[in-house]
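The first residue of the sequence shown is numbered 1, and numbering continues consecutively from there.
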Amino acid sequence: MAAAPPESPRPVTPRLPTGPTFDQELCGLVLDTAPRLFAVVQVRGEGLPDVDGWVVAWGVADHSGRAHVISIDGRARMTLATPHRALHHFAGRPGITARLVWLAQPSAAAMDRTEAA
């Protein structure tokens, strides 16, 4: 018959992390520094019953206020002082106006475990 293992005089209590994990800190950093994403849309016949609109470009606005914009077809790429400057490039034809449509600011981030070699 085998002897019972000796009892430990001091029980071991695992320590739980008290602060955010490194991954959580990285996700917070990403959320804090994420650029704002917007679309540039053109509208024809604004105020008329047959109004129509379409996306002509996508852009990101960074924390400095600058905007980086690329047209849907990829032929126009620009860096502008502000996102609203993009409106000047996509409006101006008779009966066509341009607007910015902002996507909601991200509220969550997740780690992708795929790592670069």
Side-chain angles (χ1 to χ4, degrees):
M1 187 169 188
E7 290 188 32
S8 173
R10 296 177 54 203
V12 176
T13 305
R15 285 189 162 167
L16 299 175
T18 56
T21 67
F22 182 67
D23 286 357
Q24 290 170 327
E25 288 182 17
L26 286 177
C27 288
L29 175 66
V30 167
L31 290 172
D32 290 344
T33 61
R36 296 276 321 269
L37 182 62
F38 63 93
V40 181
V41 297
Q42 287 181 327
V43 178
R44 179 181 58 222
E46 191 156 0
L48 300 175
D50 62 343
V51 64
D52 195 12
W54 53 92
V55 176
V56 292
W58 284 98
V60 292
D62 61 31
H63 288 288
S64 72
R66 301 190 100 191
H68 309 279
V69 180
I70 183 168
S71 64
I72 291 294
D73 63 10
R75 291 190 290 170
R77 295 171 190 246
M78 54 194 89
T79 299
L80 305 165
T82 68
H84 286 89
R85 300 290 299 175
L87 298 177
H88 301 288
H89 295 279
F90 294 100
R93 294 192 345 220
I96 303 286
T97 59
R99 296 184 193 173
L100 297 182
V101 178
W102 292 91
L103 273 66
Q105 191 74 358
S107 60
M111 297 296 292
D112 179 355
R113 292 296 175 191
T114 306
E115 295 187 21

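Note on W102 and W54: same hydrophobic cluster, where clusters join Ile, Leu, Val, Met, Phe, Trp and Tyr whose side-chain heavy atoms are under 4.5 Å apart, directly or indirectly. In the hydrophobic clustering of this structure, L87 does not group with V41; members are Ile, Leu, Val, Met, Phe, Trp, Tyr whose side-chain heavy atoms approach within less than 4.5 Å, directly or through other members. With hydrophobic clusters built from ILVMFWY side chains whose heavy atoms lie under 4.5 angstrom apart, V43 does not share a cluster with L48. Placement of L80 and V40 within a single hydrophobic cluster is found when ILVMFWY residues are connected by side-chain heavy-atom separations under 4.5 Å, directly or transitively.
Using modelled atom types, no side-chain atom of Q42 and backbone atom of V56 make a donor-acceptor pair closer than 3.5 Å. Using modelled atom types, no side-chain atom of H84 and backbone atom of L100 make a donor-acceptor pair closer than 3.5 Å.
Between L26 atom CG and L31 atom CG the span is 11.0 Å, to the nearest 0.5 Å.
Residues passing the salt bridge (charged side-chain N to carboxylate O under 4.0 Å, His left out) test with D73, sequence neighbours excluded: R75. Residues passing the side-chain contact (heavy atoms from CB on, under 4.5 Å) test with I72, sequence neighbours excluded: V55, W58. The side-chain contact (heavy atoms from CB on, under 4.5 Å) search around A76 returns S71, M78, not counting sequence neighbours.
For the pair V69 and H89, the minimum side-chain heavy-atom distance is 4.5 Å or more.
Residue R36 places its CZ atom among more than 12 non-hydrogen atoms of other residues, nucleotides or ligands, all under 6.0 Å distant.
Minimum interatomic distance between A61 and F38 (heavy atoms only, all atoms of both residues): N-CE2, 4.0 Å. When all heavy atoms of A34 and Q105 are compared, the pair lying nearest together is O-NE2, 4.0 Å. The two residues E46 and T97 come nearest to each other via the heavy atoms OE1-OG1, 2.9 Å.
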